[in-house]
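A short worksheet on the structure shown next.
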Amino acid sequence: MSVVESLQKSAINSLTALFGQAFTEKDFQVNQTKPEFEGDYTIVLFSLVKSLKLSPDAIGTQLGDHLIANNPALFTKYNIIKGFLNLSIADAYWMEVLGKNYNDICFGKHAMNGKKVMVEYSSPNTNKPLHLGHLRNNFLGWSVAEIFKASGYEVIKSCIVNDRGIHICKSMIAWQLFANGATPQSTNTKGDHFVGDYYVKFNDEYKKQVEELIASGKTKDEAEKEAPIMKATQQMLLDWEAGKPDVMELWATMNSWVYAGFDTTYKTIGSDFDTTYYESNTYLLGKKIVAEGLQKHVFNQEEDNSVWIDLTADGLDKKIVQRKDGTSVYITQDIGLAQQKYEEYNIDRSIYVIGDEQNYHMKVLKLIAEKLQLPNAENIYHLSYGMVELPTGKMKSREGTVVDADDIVEEMEKVAQEKTEELGKVKDFTAEELTTLYHTIGLGALKFFLLRVDPKKKMIFNPEESIDFHGFTGPFIQFNHARIKSILRKEPVIGNLDLGIVFLPLEKELIVALEQYPNVVKQACDEMNPSAIAIYVYNIAKTFSSFYTEHSIANAETDNKKQLRLQLASMTANVIKSGMSLLGVAVPERM
RNA sequence: GGUCCGGUAGCUCAGCUGGAUAGAGCAUCAGCCUUCUAAGCUGAGGGUCAUUGGUUCGAAUCCAAUCCGGAUCACCA
């Protein structure tokens, strides 16, 4: 049980004993005491004033006295200032927390709860490489999945690959026209970049053809429709749907190039999936759903055979779910896949990590799933995240302002190398160890940068200023971990402590913060918000850094103090490592 | 136009289930390495929490309106 829970329980008991009525933890608020006041945790008394018809001071005095008399192991003293009951927790209690957990690398993880959750993330298109926006998606999805695991869920990470459609045909057409049989191997190019280059070539050629047509007297609309390369692409899409062998073969080949490239990137950034769905397999799933939905009168059919759902009663619009030619639209395959996920894995919750541009779409999807009475439809959740933008605005592939995922990772590793060499602290590292270190620091900086802000909010990335390695960053936290490990290599933690130790303010601040870790994990899970972990771990590292500067661990005043600080350091390192691992960020032993 | 999201220090962001004098980092300025890793520490300056009204003992936080910015509202995905 956490300190706060113990405190709440004690307070409820005391209040009931004192005033003869029932209370719950919702009747009063418990905060951490502000540093300028004496105490560790504070009960805000105002909310009790009305029901008890007593002044805050009167309630506080009675409650404070009763709490101390009945829980001597927990509370030592109290003070009341302007309606706030500030309680001091016994040092012996903190010693116990420390002694029990300092060496427990599982501290903060919760017991299995028997629930199963699927987290779908990444969802790449197979016509171009991953960019910075995908990185936010990947880091978020992966981290949320880990946070669910740490909170006791069984987790299935899934990925839906958008491997068919007009966008892939564009790359395919351009390859046919311009490649002369070139392959990633023949050009020594990473497969996803190779295919992406032809996507760019398509757009260049398309633009050229449109301009020529306009010059020859066509309107812009006509030109855009009649450009030969576009017509060829549309024909190719039809051929694909018809299963024309040479088109299918080219499609399979080019996708395999892209997958090879993606695999490399995923491996580099640490993304992995338990299952992968391909749109080319799921896009027909809609048919059955539509038929069933018609039978349940969830959908209705127009005279032209198109099928619709009317969501005006839910404040949305009418939405088409099947075209008049009988083909399924985007939303239909999503419904099909949603059902398939439940059938395959019997999941309790289904999380979709998708950008906020699709808020409306996901709202519709969930509504339809509910109306179709899909199992656990109410537990479909769109984890919506904001776009990553540049100082100049959105990233635009046509203007070449897209920050490529592979490039930015490489750039970060390069910066990590430069900074490390400047500092010259790891001169005895082997070349292999150095490569690993640069990767750990560079990727860590990037992940932390993208995860430390609230997923819901859009964020600005400034490539000019790049990412700092000082302050509220991954490397700062990694650095503090390395510092602790450096001490622990020289000074073993024994563990047994004299119970008479009194905590100094910074020691107290550390243990109080460390004790909160399990609750932070739970909160991050409830909110599906990795930034809660990032902020917390940073604060731990920051507090430790002050403590480290202020007090010597190896040369502490007494042996007991030394052991206490070694335990604190050990627990800090464990919590940092554990918290960072939930973000997908490794922490080095030395840096 | 409808719906949804956002607006907090020069910049990037916390704080938003209402609580004490609104916090970090960067940037600026001033100090600190013969002592466990200075990717560090300490301090200073910097705020009309978009605006107005309301609810409350108490509002950055809740409600309403307004202003500004963004997303979305395809037989595209």
Side-chain angles (χ1 to χ4, degrees), chain A residues 26 29 31 33-34 36-37 42 44-47 49-50 56 81-84 86 123 125 162 164-167 279 283 302 304-308 315-331 333-334 355-361 363-364 384 386-387 389 391 393-394 416 419-420 422-423 425-426 441 445 449 452-454 456-462 465 468-480 482-491 531-532 534-535 538-539 541-542 545-556 562 565-566 569 590-591:
Chain A
K26 287 191 178 134
Q29 202 172 34
N31 297 336
T33 306
K34 300 252 171 197
E36 55 267 36
F37 303 101
T42 295
V44 184
L45 299 165
F46 298 105
S47 55
V49 168
K50 222 173 201 173
I81 298 168
K82 291 195 293 181
F84 296 88
N86 302 319
S123 316
N125 288 352
N162 300 307
R164 57 150 221 133
I166 194 85
H167 50 288
E279 199 186 291
Y283 87 109
E302 297 287 309
D304 66 358
N305 273 332
S306 60
V307 182
W308 296 75
L316 304 177
D317 305 306
K318 285 183 180 172
K319 189 91 186 166
I320 191 160
V321 295
Q322 185 170 295
R323 296 190 187 97
K324 63 186 170 195
D325 62 7
T327 55
S328 71
V329 295
Y330 181 47
I331 191 101
Q333 42 188 301
D334 276 351
D356 61 9
E357 61 205 348
Q358 298 206 40
N359 284 353
Y360 181 80
H361 172 79
K363 210 169 168 178
V364 170
S384 166
M387 298 290 109
E389 294 181 6
K394 288 186 158 181
K419 305 249 179 195
T420 304
E422 267 171 40
L423 293 168
K425 290 190 281 196
V426 287
I441 295 174
F449 181 86
R452 63 174 226 194
V453 317
D454 186 332
K456 289 192 293 292
K457 297 194 176 174
K458 72 174 182 197
M459 63 185 298
I460 313 271
F461 176 78
N462 189 338
E465 294 171 12
D468 210 328
F469 282 19
H470 304 270
F472 186 8
T473 66
F476 170 79
I477 297 165
Q478 292 170 323
F479 168 66
N480 279 289
R483 270 167 148 185
I484 295 173
K485 288 298 179 168
S486 170
I487 296 171
L488 294 178
R489 275 192 296 273
K490 296 171 205 156
E491 303 283 350
S531 79
I535 292 163
Y538 168 65
N539 281 324
K542 196 168 125 74
S545 196
S546 295
F547 161 75
Y548 176 92
T549 309
E550 193 73 24
H551 306 294
S552 177
I553 295 170
N555 298 311
K562 181 169 166 179
R565 289 179 189 165
L566 283 169
R590 291 179 59 197
M591 69 184 277

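Across B/U42 and B/U3, the matching P atoms stand 49 Å from one another, rounded to whole Å. Taking the P atoms as reference points, B/A50 lies 15 Å from B/A59, given to the whole Å. Going from the P atom of B/C13 to that of B/C67 covers 26 Å, rounded to whole Å. Comparing the C1' positions of B/A14 and B/G6 gives a spacing of 16 Å, expressed to the nearest Å. Remark: the separation of the P atoms in B/G2 and B/G40 is 50 Å, to the nearest Å. When the P atom is used for both B/C63 and B/G25, the distance is 32 Å, rounded to whole Å. Going from the P atom of B/G45 to that of B/G23 covers 13 Å, rounded to whole Å. A gap of 24 Å separates the P atoms of B/C29 and B/U34, to the nearest Å.
Nucleic acid contact for A/Ser552: base, since at least one base atom lies under 4.0 Å from a heavy atom of the residue. As judged by a 4.0 angstrom heavy-atom cut-off over every strand, A/Thr42 is placed among the base-contacting residues. Here A/Ile441 lies in heavy-atom contact (under 4.0 Å) with a base. Counting any heavy atom pair closer than 4.0 Å across all strands shown, A/Asn86 reaches a base atom. Within the 4.0 angstrom heavy-atom criterion, base atoms lie near A/Val44. Using a 4.0 Å heavy-atom cutoff across all strands shown, A/Lys26 reaches no nucleic acid atom at all. Using a 4.0 Å heavy-atom cutoff across all strands shown, A/Tyr548 reaches at least one base atom of the nucleic acid. Residue contacts shown for A/Ile460 are limited to sugar-phosphate atoms, with no base heavy atom under 4.0 Å away. Among the heavy atoms of the strands, none lies under 4.0 Å from A/Met387. Within the 4.0 angstrom heavy-atom criterion, base atoms lie near A/Phe469.
Rounded to the nearest 0.5 angstrom, A/Phe476 CZ and A/Lys542 NZ are separated by 7.5 Å.
Contact detail for A/Lys562 and A/Ile553: the closest heavy-atom pair is CG-O, 3.4 Å. Among all heavy-atom pairs drawn from A/Ile81 and A/Phe37, the shortest one is CD1-CD2, 3.4 Å.
Counting only heavy atoms from C-beta on, A/Ser545 has its side chain closest to B/G40 among B/C13, B/G19, B/G40. Picking from B/G19, B/A38, B/C36 the nucleotide with the shortest atom distance to the side chain of A/Gln29 gives B/G19. Set against B/A20, B/C13, B/C36, the side chain of A/Ser486 has B/C36 as its closest nucleotide. Between B/C4, B/G40, B/A14, one nucleotide has an atom nearer to the side chain of A/Lys363 than all others, and that is B/C4.
With its glycosidic angle within 90° of 0, B/C33 is assigned syn.
Using Watson-Crick or G-U wobble geometry with both donor-acceptor distances under 3.5 Å, B/U3 finds its partner in B/A71. In this structure, B/A24 and B/U12 make a Watson-Crick or G-U wobble pair, each of the two defining distances being under 3.5 angstrom. Pair assignment for B/A64 gives B/U52, based on Watson-Crick or G-U wobble hydrogen-bonding distances that are each under 3.5 Å.
Using modelled atom types, one finds no donor on one side chain facing an acceptor on the other under 3.5 Å when comparing A/Thr473 with A/Asp468. Side-chain contact annotation: A/His167 with A/Asn162, donor-acceptor N/O pair under 3.5 Å absent. Residues A/Tyr360 and A/Asp317 bring a donor and an acceptor atom of their side chains to less than 3.5 Å of each other.
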Checklist entry - What is the per-nucleotide protein-contact pattern of nucleotides 69-77 of chain B, from the 5' end, where B denotes a base atom under 4.0 Å from a protein heavy atom, S denotes such proximity for sugar-phosphate atoms only, and - denotes neither? => result --SSS-BSB

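Side-chain N/O atoms of A/His470 include one lying less than 4.0 angstrom from OP1 or OP2 on B/G40. Between A/Thr549 and the phosphate of B/G40, there is no side-chain N or O to OP1/OP2 separation shorter than 4.0 Å. Put simply, A/Arg452 has no side-chain N or O that comes within less than 4.0 Å of OP1 or OP2 on B/A24. Side-chain nitrogen and oxygen atoms of A/Ser546 include none within less than 4.0 Å of the OP1 or OP2 phosphate oxygen of B/C41. The phosphate of B/A39 has OP1 or OP2 within less than 4.0 Å of a side-chain N or O from A/Lys425.
Between A/Thr473 and A/Asn31, the one whose closest nucleotide on RNA chain B sits nearer the 5' end is A/Asn31.
For the pair A/Phe476 and B/A39, the ring geometry does not qualify as stacking, because the centroid separation below 5.5 Å and plane angle under 30° are not jointly satisfied. Ring stacking holds between A/Phe84 and B/A20, with the centres under 5.5 Å apart and the planes within 30 degrees of each other. Applying the 5.5 angstrom centroid cut-off and the 30 degree plane-angle cut-off, the aromatic ring of A/Phe46 is stacked upon the base of B/G19.
The side chain to side chain contact (heavy atoms under 4.5 Å, CB included) check on A/Val44 picks up A/Gln29, A/Asn31, A/Phe46, A/Phe84, with sequence neighbours excluded.
The pair A/Lys456-A/Asp454 counts as a salt bridge, with a side-chain nitrogen and a carboxylate oxygen less than 4.0 angstrom apart.
Under the 6.0 Å distance and 45° angle rule, A/Arg452 does not count as a cation-pi partner of A/Tyr538.
Here A/Phe479 and A/Phe469 keep their ring centres 6.0 angstrom or further from each other.
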Item to check | side-chain contact (heavy atoms from CB on, under 4.5 Å) between A/Tyr548 and A/Ile484, worked out | outcome: CA-CA 9 Å; A/Tyr548 176 92; A/Ile484 295 173; over 6 Å; no

Under 3.5 Å, N/O pairs linking protein and nucleotides 7-9 of chain B:
none

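You won't find any donor-acceptor pair under 3.5 Å spanning the side chain of A/Ser531 and the base of B/A14, going by distance alone.
Ring geometry, A/His361 versus A/Tyr330: the interplanar angle falls under 30°, so the pair is classed parallel (tilted spans 30 to 60°).
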